[in-house]
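Some notes on the structure that comes next.
Numbers here are sequence positions counted from 1. For clarity, every value in this text was computed on a predicted model and none was experimentally measured.
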Amino acid sequence: MAHEPDSSALAEEIAKLEDLCQKTAQAIASARSVREAVALADVEVPHHLRAIARVKVPSLGRLARQTNLRVEEIVKDQLSSLTFERSDIVASREFDRIKAVDWHVLRVNYPELYAKALREANLIIERKRKR
């Protein structure tokens, strides 16, 4: 009987963490920038729950994958916005803005995606310049 209050308190904390992770997942899904998505994905797990959190809180394990997918989607949208620009000067300025505001986080956390996106963006702008 002495363990009941502890286990109910633990179950309550796990439920709160699950709720927080679900709300975080919704926020990541609606993130508008790479910086925002990566910042949201950093959920603080209480020290005493770290050992059991991955097993007891399924949405915690899904956050990293969901963040990766959302970051890729945001980068695709950013690259397509460069494609739709008519002027190479405007596209180049937009690309510089995206790099300065958002892609520093991409470079640190997703170096392979950053390199691929950088190459693609440069190709898009080069094609515009040739036209």
How far apart are the C-alpha atoms of E73 and R70, what are their side-chain angles, what is the distance that settles it, and do they pass the salt bridge (Lys or Arg N to Asp or Glu O under 4.0 Å) test?
CA-CA 5 Å; E73 191 177 312; R70 183 63 186 144; 2.7 Å; yes
I'd like to know whether Q22 forms a side-chain contact (heavy atoms from CB on, under 4.5 Å) with Q26, so could you lay out the CA-CA distance, the side-chain angles of the two residues, the decisive distance to 0.1 Å, and finally the verdict. CA-CA 6 Å; Q22 288 176 355; Q26 291 172 348; 5.7 Å; no
Quick one: are [X] and [Y] in side-chain contact, heavy atoms under 4.5 Å?
X	Y	result
I124	F95	no
V38	L106	no
E13	H48	yes
E126	K130	yes
L82	Q78	no
V101	S33	no
L49	L10	yes
E85	S92	no

Using the rule that two of Ile, Leu, Val, Met, Phe, Trp, Tyr join whenever any of their side-chain heavy atoms come within less than 4.5 Å, decide whether [X] and [Y] are in one cluster.
X	Y	result
L123	L79	no
L60	I28	yes
W103	I125	yes
L40	Y110	no

Only residue of K128, R93, R129 satisfying salt bridge (Lys or Arg N to Asp or Glu O under 4.0 Å) with D88 is R129
Charged N to carboxylate O under 4.0 angstrom, E44 versus R50?
yes
Measure the spacing between CD1 of I14 and CG of D19 and express it to the nearest 0.5 Å.
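Rounded to the nearest 0.5 Å, the CD1-CG separation comes to 14.0 Å.
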What one should report as the nearest heavy-atom pair of C21 and V57 is SG-CG1, 4.1 Å
Have S59 and E18 got a donor and an acceptor in their side chains that come within less than 3.5 Å?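 Yes, because at least one side-chain N or O of S59 sits under 3.5 Å from a partner of the opposite role on E18.
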**OP:** Might you confirm whether atom NZ of K99 has over 12 heavy atoms from other residues, nucleotides or ligands at distances under 6.0 Å?
**Re:**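 Yes, NZ of K99 has more than 12 neighbouring heavy atoms, counting only those of other groups under 6.0 Å.
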Mind listing the side-chain donor-acceptor pairs of residues 111-119 below 3.5 Å, one per line with the distance, residues two or more places apart or on another chain?
none

Discussion item. Tell me which one of L69, T67, L63 satisfies side chain to side chain contact (heavy atoms under 4.5 Å, CB included) with R65.
Written reply: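 By the side chain to side chain contact (heavy atoms under 4.5 Å, CB included) criterion, R65 pairs with just one of L69, T67, L63: L69.
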